[in-house]
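These notes concern the structure reproduced below.
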Amino acid sequence: MNSDFSRGFKAGIPIALGYFPVSFTFGLIAVNGGIPVWLTIFISFSNLTSAGQFAGTNLIIANVPFIEIALTTFVINIRYMLMSLSLSQKIKANMPMLHRCIIAFGITDETFAVASLEKKELTFSYMIGLIVGPFAGWVLGTATGAMVCSVLPEQVQSAMGIALYAMFIALVIPPSKKSKAALTVTSIGIVISSIFKWTPYINQISDGFRIIIATIVASTIGALLFPKGEEL
Amino acid sequence: MSYAFTAVIIMAIVTYIPRVLPIAIFRKKIKSKFVLSFLSYVPFAVLGAMTFPDILYSTNHMYSAVAGMITALLLSYFEKGLMTVALCSIIVVYLCEIVI
C-alpha cells in the first residue's frame, strides 16, 4: 500500500462515517417506499450521490416516466460538472483516461471538498484511497437501513414518509440562514413549485417537470440577482 | 428488465456523465460568472422545489405532516444533523397520528 493511498484513505474516514447515517436513512426510505432491498443497495452502489438518488428514487416510487427521472437526476447532478472541472485542473496532467474515468465516479460534494483542499497534485492512488471509504460507508449504510426497514411495523413505516423531506430541510436550512442568496433561491424554488402544484390547469404537469422548471427559473433568478455564487 | 431497475440504470448514467465529462475532456476553466453562479444555486432550487408542497402529502394526514415539517425546520435552524432531524420528524409524525 503506497503512502498516497493511505493518506487519501485517512482523509476519507470522516466522510465515510458521515455518510453512514445518511445512507442508512436512504435505505429506510427507499424500502419503505416499496423498492426491493437488493435494488435499494444497488442504487447506492451505482449512483453514489445523495440528493440525486433521493430524488430519483422518489420519482421511481411515484412511477413517473423515464425521461423525467433522467432530466431531474441530471439537473440535480449538474453541479458535479463544476467539481469535475475543478479537479481536472488539480490532477496529474498525464493521468491516463481510464484512471480519470474511475476517479470521476467517486466525485461527491464531500470528496471534492477534501480533494480540492489537498495541497499536493492529486494522484490516482490518493483519489482511490479517498473514495473507497466513503463508497463503502454509503453502500453499507444503505444495506443496514434497507434491512432494518423490512422488519419495522407498518405504522412506523408510514410515519417515515416525512423522513426524506426532513432531510432536505436539514440540508437547505443551515446555508440559507447564512446566505441571502441561498435563502432567496430556495424560496423561489418553493414558490414556483407550489404554483405548479396548486394552480388549476397547470397542475396537470408532472412532478418531474415541475421540479425541473422550478430549478431552472430559481437558479437563473439567483444567478442574475447574486452573481457571486454559493456553496451548499 | 423491470421499470425500477431500468430507472436506476438511467439514474446511474446521468449521474456519471456530469462527473466524468469535464475531468475526461475539458482542460480549460469555465469563465462565465453567470454559469458558475447558476450551477452553484441548483442544489438550493432543487431541494426547495422538491420539499414543498410535497412534504404536506408525505404522511397519512396533513396535520401530522405540518407538525413534522415544523419539527424539521426548528431542528435544522439549530443546525442539528441530518439523522437527528429525520428521526425527530418521524417521531413527531408518529405521535401525531396516534392522537389523530
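Because only heavy atoms are used, hydrogens play no part in the values below, and waters and symmetry mates are left out as well, while side chains stay in. None of the values given here were measured: they were computed from a predicted structure. Letters A, B, ... mirror the listed sequences (proteins, then strands); counts begin at 1.
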State, to 0.1 Å, how close B:Tyr41 and A:Phe226 come at their nearest heavy-atom pair, and which atoms those are.
OH-O, 2.7 Å

Distance-minimising heavy-atom pair for A:Met127 and A:Ala115:
SD-CB, 4.0 Å

In terms of heavy-atom proximity below 4.5 Å to chain B, should [X] be classed as side chain, backbone, both, or neither?
X	answer
A:Thr57	both
A:Lys90	neither
A:Leu28	neither
A:Ile60	both
A:Phe45	neither

How are the rings of B:Phe5 and A:Trp38 set to each other: parallel, tilted or perpendicular (split at 30° and 60°)?
tilted

Do you know which of [options] has the most heavy-atom pairs under 4.5 Å to chain A?
options	result
B:Ala7, B:Gly68, B:Ala86	B:Ala7
B:Ile55, B:Val93, B:Val85	B:Ile55
B:Ala65, B:Pro18, B:Ala4	B:Pro18
B:Leu73, B:Leu95, B:Thr71, B:Ile98	B:Leu73
B:Leu75, B:Asp54, B:Asn60	B:Asp54
B:Glu79, B:Glu97, B:Lys80	B:Glu79

Counting only heavy atoms closer than 4.5 Å, note whether B:Leu56 contacts chain A via side chain, backbone, both or neither.
side chain

Under 4.5 Å from any heavy atom of chain A - which part of B:Tyr16
side chain

Sub-3.5 Å donor-acceptor pair from the side chain of A:Thr199 to the main-chain atoms of A:Ile202, do we have one?
no

Flag, side chain of A:Lys92 to backbone of A:Glu121, donor-acceptor distance under 3.5 Å
no

Looking only at the aromatic ring of each residue, does the gap between the centers of A:Phe112 and A:Tyr80 stay below 6.0 angstrom?
no

Between A:Ile29, A:Ile41, A:Ile43, which is the residue that forms a side-chain contact (heavy atoms from CB on, under 4.5 Å) with A:Ile35?
A:Ile43

For a quick check under 3.5 Å, do B:Ser64 and B:Thr59 share a side-chain donor-acceptor pair by atom type?
yes

Consider only side-chain N and O atoms of A:Ser84 and B:Arg19, and report whether a donor and an acceptor are under 3.5 Å apart.
no

Between [options], the one whose heavy-atom pairs under 4.5 Å with chain B are most numerous:
options	value
A:Ile213, A:Ile69, A:Thr25, A:Leu39	A:Leu39
A:Val22, A:Leu224, A:Thr220, A:Ile78	A:Thr220
A:Ala70, A:Gly52, A:Gly106, A:Ala55	A:Ala70
A:Ser176, A:Ala104, A:Gly189	A:Ala104
A:Ala218, A:Gly56, A:Ala214	A:Gly56
A:Ile190, A:Asn58, A:Thr184	A:Ile190

If you count the non-hydrogen atoms of other residues, nucleotides and ligands that lie under 6.0 Å from CZ in A:Phe105, is the total more than 12?
yes

Got a sec: does the CZ of B:Phe34 have more than 12 other heavy atoms crowding it under 6.0 Å?
yes

Taking the side chain as C-beta and beyond, is there a heavy-atom pair between A:Ile107 and A:Leu87 under 4.5 Å?
yes

